[in-house]
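Remarks on the structure that follows.
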Amino acid sequence: MRYCSALAVLATSTFLATAGPAPATELEVTHWWTSGGEAAAVAEFAKAFDATGNHWVDGAIAGSGSTARPIMISRITGGDPMGATQFNHGRQAEELVQAGLMRDLTDLATKEKWTEVIRPKSLLDSCTLDGKIYCVPVNIHSWQWLWLSNKAFETAGVPIPKNWDEFVAAAPALEKAGIVPFAQGGQAWQVNNTFAVLMLAIGGKDLFQKVYGDKDDTVAAGPEVAKVFKAADDARRLSKSANVQEWNQATAMVINGKAGGQIMGDWAQGEFQLAGKVAGTDYTCLPGLGINPTLATGGDAFYFPLQKDEAKAKAQEVLASTLLDPKTQVAFNLKKGSVPVRGDVDLNAANDCMKKGIDILGKGDIVSWTDQLVSQDTQKQFEDLFSEFFATAMTTEDAQERFAKIVATAD
Amino acid sequence: MPQQKRPIRLLRNLNAKIAAVPMMLTATFVFAGGSLWTVLYSFTSSKLLPRFSFVGAEQYERLWAAPRWNVAVENLFIYGALSLIFQFVIGFLLAALLDQKIRFEDTFRTIFLYPFALSFVVTGLVWQWILNPDFGVQSVVRSLGWTNFEFNPLYDADIVIFGILIAALWQGTGLIMCLMLAGLRGIDEDIWKASRVDGIPTWKTYLFIVIPMMRPVFITTLVIIASGIVRVYDLVVAQTGGGPGIASEVPAKYVYDYMFHAQNLGQGFAASTMMLLSVAVVVVPWAYLEFGRRRHG
């Protein structure tokens, strides 16, 4: 009798197992979100995807995007594609799509009306090639922020600057108090973007578009861009004693009041939040460096490499719609410090800085960022130039001449 | 009994020949084939994926106009020349000193060879810390009282390549010493006795008798050092990441960055073809002298 009941239990459990939801499909997702705030944000995606009965296998690759992307690309071209992978949308994955290595998501997009919910439209345009949609934008990131440490300016006894010029003017007081005025990470992608941010803030939207969008080399060699180089020269001078490489180390200097400010994208806000700092009281953010509140709508997107396995292909679809789910969008973006790609979600929980950003996006003061405008090849040449410029005493004239040369051959 | 057939030449040492087939195939198809393919595609405008769209020497023109490539080539020359000289001189001196029948020779040999057991990445990180102005040599000397002491090679664009050279010497010299020591031990004891009988000073014996006799060892050493110089990459990545700015870039890093970061295979291939060419310029005349002469002589 005892054996019988045991058998019955066994039978039921087997039955339950087969009757339950289909066995979890494992999907490996690669990304380069490894700093504290980023990891907390990506955990939200993993949680939401696991809740659908599938399993998120985290494939985080440490280092920045420039370390991670070659690994991702070689896996996809080498015939070992992951379930899904992060890229900055724009032209980073362009050729992979052209080579037919990425999955076409157009059907799902029409079913879920992505074209209606995703705003601004340029995000989905960057995912589109020949009328077909190949990626899911998950957030809007903008680079054009100057983060200021309120504590640092209090220590130095000067008011918190309201724009870049005031910031440069306040620098001597900070230096006197033993504070590094400007925290600039030394990595090439950071210095390159700092320059592009200065271009948009100081030169304005039109100049930015002419240089990076139209690749007009006479403008790039002209007097307006010379002004931008003067500002870059200031940035170089003020960051002389920073001696940091990673962006989050530079952000940490601002958080601890060891540095006055940093130009970095809004993902820096994730770090401030993780450290328990409050926007407005502990730190101040100046979109567009306080001069030109225009934001670029870059960001991250997920691409889905073609899979042979039917179950995995199904799971990819589930993941794609999970990423865009209103609830997941809010949970993820609040932790990440970025703005959701959907206009129809509730963002009461957003903080001071994020609201400023949403406001600017709502007004439509937006441009496409360099990742969308120029190829990776051109970006690399800019990076080489600016990492040299920021580390040496290269004159602004020489730098501008070389900058214009790169613009002339840019694609 | 019929006369046995003469063995066919091709079938002699058949086992050894069969065993060598995989390596022969690898050498032909992977090494030679891969090199040819790379050279061919360096004349195309391939971006992320190889595509046969011929553009002539455009990639090379761009390569030699790029400031970063020129810095990299210059660095390789400085690094190469100095590391060749110093590894030979220090390696030989250490070996000669160890050869004086000293006590604890095994211990010293182990100590000198130990750095070689570490990878370039570990070596690079260790020396990054040692040369860091806030933690390393500079701060130690300053804390001893010399407060104006300045030794900061890794953050000074003019001398950063020497900071890398120090690490490379620390890592590689032990191996060179061992090779030299083996060479010294291979010299017949009678030669030393003869030179002593003739009253030749020790240093002269080394310079005019022993060193010329060690020619094969020197050539092996030269090949090992030279191949290490051309492919230097990981040490730079670990120690400076090419910085400050682009001051410590090397050609191998340019190749990697342009192939994978910039998604411009054509440019990367052009740079790697130049590296191949530079190796060929060194190796071909040497191989000709070394093997060509033996055949005729």
Side-chain angles (χ1 to χ4, degrees), chain A residues 63-74 76-78 87 91-101 185-189 191 236 240-246 374-394 398-399 401-402 405-406 409 411, chain B residues 45-51 53 55 58-59 61-63 65-72 75 125 128 131-135 138 152 154-160 237-249 253-268 270-271:
Chain A
S64 57
S66 43
T67 315
R69 280 192 294 273
I71 301 171
M72 294 165 173
I73 291 170
S74 66
I76 295 168
T77 52
F87 276 107
R91 300 180 56 180
Q92 285 169 354
E94 197 176 68
E95 276 198 58
L96 293 176
V97 173
Q98 282 167 354
L101 292 166
Q187 287 166 347
W189 64 277
V191 288
R236 173 171 68 174
K240 203 137 219 162
S241 44
N243 271 344
V244 285
Q245 289 294 318
E246 303 283 336
V374 300
S375 69
Q376 285 292 298
D377 187 25
T378 306
Q379 281 282 50
K380 186 84 213 161
Q381 295 177 61
F382 284 144
E383 283 178 10
D384 288 348
L385 169 62
F386 288 111
S387 55
E388 190 180 350
F389 177 77
F390 272 86
T392 60
M394 191 197 284
D398 285 354
E401 199 192 313
R402 274 170 56 183
K405 253 187 218 157
I406 299 171
T409 59
D411 59 348
Chain B
S45 64
S46 299
K47 290 286 191 186
L48 177 63
L49 302 169
R51 215 177 312 170
S53 46
V55 291
E58 208 172 86
Q59 299 284 10
E61 278 162 27
R62 184 178 141 187
L63 182 71
R68 178 171 158 187
W69 172 255
N70 287 299
V71 169
N75 277 340
L125 285 176
Q128 189 191 51
L131 298 178
N132 185 306
D134 300 327
F135 310 111
Q138 180 176 312
N152 186 10
L154 292 191
Y155 291 93
D156 184 340
D158 295 331
I159 55 169
V160 62
V237 170
Q239 216 179 341
T240 64
I246 56 168
S248 60
E249 291 290 347
K253 188 160 175 291
Y254 186 93
V255 172
Y256 179 81
D257 280 359
Y258 271 87
M259 269 161 89
F260 300 110
H261 290 180
Q263 307 183 347
N264 189 342
L265 285 180
Q267 184 68 21

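Since the structure is predicted, the reported quantities are computational estimates derived from the model, not experimental observations. Letters A, B, ... are given to chains in the order of the sequence lines, protein chains preceding strands, and every chain is numbered from 1.
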Next on the checklist: Are the side chains of A:D411 and B:K47 in contact, using a 4.5 Å heavy-atom criterion?
Outcome noted: yes

Checklist outcome for this item: Rounded to the nearest 0.5 angstrom, the CG-OG1 distance for B:D158 and A:T392 is 9.5 Å

Item to check | Part of A:T77 lying under 4.5 Å from any heavy atom of chain B | outcome: side chain

Checklist entry - Measuring from A:Q376:CD to B:N264:CG, what's the distance to the nearest 0.5 Å? => result 11.0 Å

Item to check | Contact origin within A:L96 toward chain B - heavy atom pairs under 4.5 Å | outcome: both

Item to check | Spacing of NZ belonging to A:K380 relative to CG belonging to B:D257, to within rounding of 0.5 Å | outcome: 4.0 Å

Next on the checklist: Between B:R68 and A:E383 (salt bridge meaning N to carboxylate O under 4.0 Å), is one present in this structure?
Outcome noted: no

Checklist entry - From B:M259 CE over to A:S74 OG, what is the distance, rounded to the nearest 0.5 angstrom? => result 11.0 Å

Item to check | Any B:P244 side-chain heavy atom under 4.5 Å of A:F390 side chain | outcome: no

Item to check | Short side-chain to backbone donor-acceptor contact, B:Q263 and A:D377, under 3.5 Å | outcome: no

Next on the checklist: With a 4.5 angstrom heavy-atom cut-off, is it the side chain or the backbone of A:Q381 that approaches chain B, or both, or neither?
Outcome noted: both

Item to check | A:E94 atom CD, neighbour heavy-atom count above 12 within 6.0 Å | outcome: yes

Checklist entry - Once you round to the nearest 0.5 Å, how far does CD1 of B:I246 lie from CD of A:E388? => result 3.5 Å

Checklist entry - Would you say the side-chain atoms of A:D384 and B:Y258 include a donor-acceptor pair closer than 3.5 Å? => result yes

Item to check | Minimum heavy-atom distance between A:A391 and B:G245, given as atom pair plus value | outcome: CB-N, 3.0 Å

Checklist outcome for this item: Heavy-atom nearest pair, A:P70 first then B:H261, reads CG-CD2, 3.3 Å

